[in-house]
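Encoded as structure tokens, the structure appears first; notes follow it.
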Amino acid sequence: MKSTFRILFLARWELEKNDKVPLCARITIDGEKVKFSLKSEVSSNIWDPKSGRAKGQTKEALQLNRYHDSIKGQMIMHYHSLSEAKEVVTASMVRDAFLCTNIKSNTLLSVFEEFNDRQEKLIGIDLAQSTFNKYDLTYRRLKEFLKVKMRKSYILLC
């Protein structure tokens with residue numbers, strides 16, 4: 001079944017301040033609409049509501065249009081990867097993938113720890129104790145590296 005997929009960029013005219021208008025994106029898939037802020041603004045005199053783009057050849061207009069093109073490309077990429085992985089893709093799924101909110105805040109260390117937990121159960125069946133000890137040592141050294149060198153306790157996987 002083919003679905004309809006569309007991305008629009010809209011100005012929030014009701015929130016206009018100092019001749020600047022905040023922008024948002026709207027994703028529509030099979031009639032389901034999801035709107036979210038792009039956390040960017042544009043001068044109200046260069047925004048074209050019909051095309052959903054900045055008009056003119058000013059530096060601001062060109063930068064904004066390039067930014068919107070890259071966002072649109074990312075959203076299309078997320079849509080295609082989701083449609084390959086699942087049968088039904090919703091607009092909120094694409095938005096969440098784009099904003100990285102659908103991922104249950106997996107961190108490098110939490111994924112590594114889950115891996116070690118699964119491997120520990122396989123000791124003596126499919127895995128030697130010495131191999132598991134190497135996995136555990138790698139986990140501890142990675143944790144120490146993040147703490148000392150990177151000065152972070154986690155790295156988000158998104």
Side-chain angles (χ1 to χ4, degrees), residues 1-118 135 138-158:
M1 182 174 139
K2 187 132 172 124
S3 66
T4 59
F5 174 65
R6 190 169 168 122
I7 301 165
L8 294 173
F9 298 106
L10 308 165
R12 304 277 314 264
W13 294 102
E14 66 275 11
L15 301 175
E16 181 179 6
K17 286 184 184 171
N18 300 331
D19 198 36
K20 292 280 189 179
V21 182
L23 298 173
C24 67
R26 185 174 74 195
I27 302 171
T28 307
I29 298 178
D30 293 334
E32 179 200 354
K33 297 176 184 178
V34 172
K35 198 155 88 168
F36 59 95
S37 172
L38 293 176
K39 310 236 183 321
S40 64
E41 294 179 329
V42 65
S43 298
S44 58
N45 57 344
I46 67 166
W47 184 253
D48 182 20
K50 268 189 170 178
S51 66
R53 296 176 66 81
K55 58 187 173 188
Q57 295 296 316
T58 64
K59 184 178 179 181
E60 180 186 15
L62 293 173
Q63 263 185 330
L64 187 66
N65 288 336
R66 265 189 251 118
Y67 174 62
H68 284 179
D69 290 340
S70 72
I71 287 175
K72 194 171 191 173
Q74 290 175 31
M75 284 192 225
I76 290 169
M77 183 186 68
H78 286 298
Y79 172 75
H80 287 299
S81 64
L82 286 169
S83 62
E84 287 175 3
K86 300 179 191 275
E87 289 180 22
V88 178
V89 178
T90 64
S92 55
M93 289 167 72
V94 175
R95 177 203 56 203
D96 292 344
F98 175 74
L99 297 174
C100 294
T101 56
N102 64 337
I103 300 166
K104 55 172 179 128
S105 67
N106 280 339
T107 63
L108 180 60
L109 290 176
S110 69
V111 170
F112 204 147
E113 191 171 16
E114 288 174 22
F115 172 78
N116 280 354
D117 291 343
R118 285 193 311 269
Y135 288 148
T138 304
Y139 170 79
R140 287 184 281 133
R141 290 216 173 130
L142 178 63
K143 188 175 181 178
E144 184 67 22
F145 174 79
L146 288 175
K147 182 179 167 187
V148 174
K149 297 286 185 183
M150 303 288 286
R151 294 190 178 108
K152 294 181 179 181
S153 58
Y154 64 90
I155 292 179
L156 284 177
L157 299 178
C158 180

Taking the side chain as every heavy atom from C-beta outward, state whether [X] and [Y] have any pair of such atoms under 4.5 Å apart.
{"X": "Glu60", "Y": "Ser43", "result": "yes"}
{"X": "Leu10", "Y": "Lys35", "result": "yes"}
{"X": "Trp47", "Y": "Lys55", "result": "no"}
{"X": "Ile76", "Y": "Ile7", "result": "yes"}
{"X": "Val34", "Y": "Arg26", "result": "no"}
{"X": "Thr28", "Y": "Phe5", "result": "no"}
{"X": "Thr90", "Y": "Ile29", "result": "no"}
{"X": "Tyr139", "Y": "Phe115", "result": "no"}

Between [X] and [Y], which heavy-atom pair has the shortest distance, and what is it?
{"X": "Ile27", "Y": "Met75", "answer": "CD1-SD, 3.5 Å"}
{"X": "Glu41", "Y": "Pro22", "answer": "CG-CA, 4.1 Å"}
{"X": "Ala61", "Y": "Gly56", "answer": "CB-O, 3.8 Å"}
{"X": "Phe9", "Y": "His68", "answer": "CZ-O, 3.4 Å"}
{"X": "Leu64", "Y": "Ala54", "answer": "CD2-CB, 4.0 Å"}

Distance from [X] atom [atom1] to [Y] atom [atom2], nearest 0.5 Å?
{"X": "Leu38", "Y": "Ile71", "atom1": "CG", "atom2": "CD1", "result": "4.5 Å"}
{"X": "Asn65", "Y": "Ile46", "atom1": "CG", "atom2": "CD1", "result": "8.0 Å"}
{"X": "Ser83", "Y": "Met93", "atom1": "OG", "atom2": "CE", "result": "9.5 Å"}
{"X": "Lys33", "Y": "Ser92", "atom1": "NZ", "atom2": "OG", "result": "15.0 Å"}
{"X": "Arg95", "Y": "His78", "atom1": "CZ", "atom2": "NE2", "result": "13.0 Å"}
{"X": "Asn116", "Y": "Thr138", "atom1": "CG", "atom2": "OG1", "result": "8.0 Å"}

Margin query: Leu23 vs Arg12, test: side chain to side chain contact (heavy atoms under 4.5 Å, CB included). Steps then yes/no.
Written below: CA-CA 6 Å; Leu23 298 173; Arg12 304 277 314 264; over 6 Å; no

List in chain and number order the residues that pass salt bridge (charged side-chain N to carboxylate O under 4.0 Å, His left out) with [X], two or more places apart in sequence or in another chain; answer none if no residue qualifies.
{"X": "Arg53", "answer": "Asp69"}
{"X": "Arg140", "answer": "Asp136"}
{"X": "Glu113", "answer": "none"}

Item checked: Under the ring pair (Phe, Tyr, Trp, His ring centres under 6.0 Å) test, residues paired with Phe145 that sit two or more places apart -> none

Check: Who are the ring pair (Phe, Tyr, Trp, His ring centres under 6.0 Å) partners of Tyr67, not counting sequence neighbours?
Finding: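 Here no residue qualifies.
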
Notebook entry, point to check: Would a distance-only check, ignoring hydrogens and angles, find a side-chain to backbone donor-acceptor pair under 3.5 Å from Asp30 to Thr4?
Noted result: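 Here the side-chain-to-backbone pair exists.
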
Item checked: Pairing residues for Arg151 by the side chain to side chain contact (heavy atoms under 4.5 Å, CB included) criterion, not counting sequence neighbours ->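 Side chain to side chain contact (heavy atoms under 4.5 Å, CB included) check on Arg151 returns nothing, list empty.
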
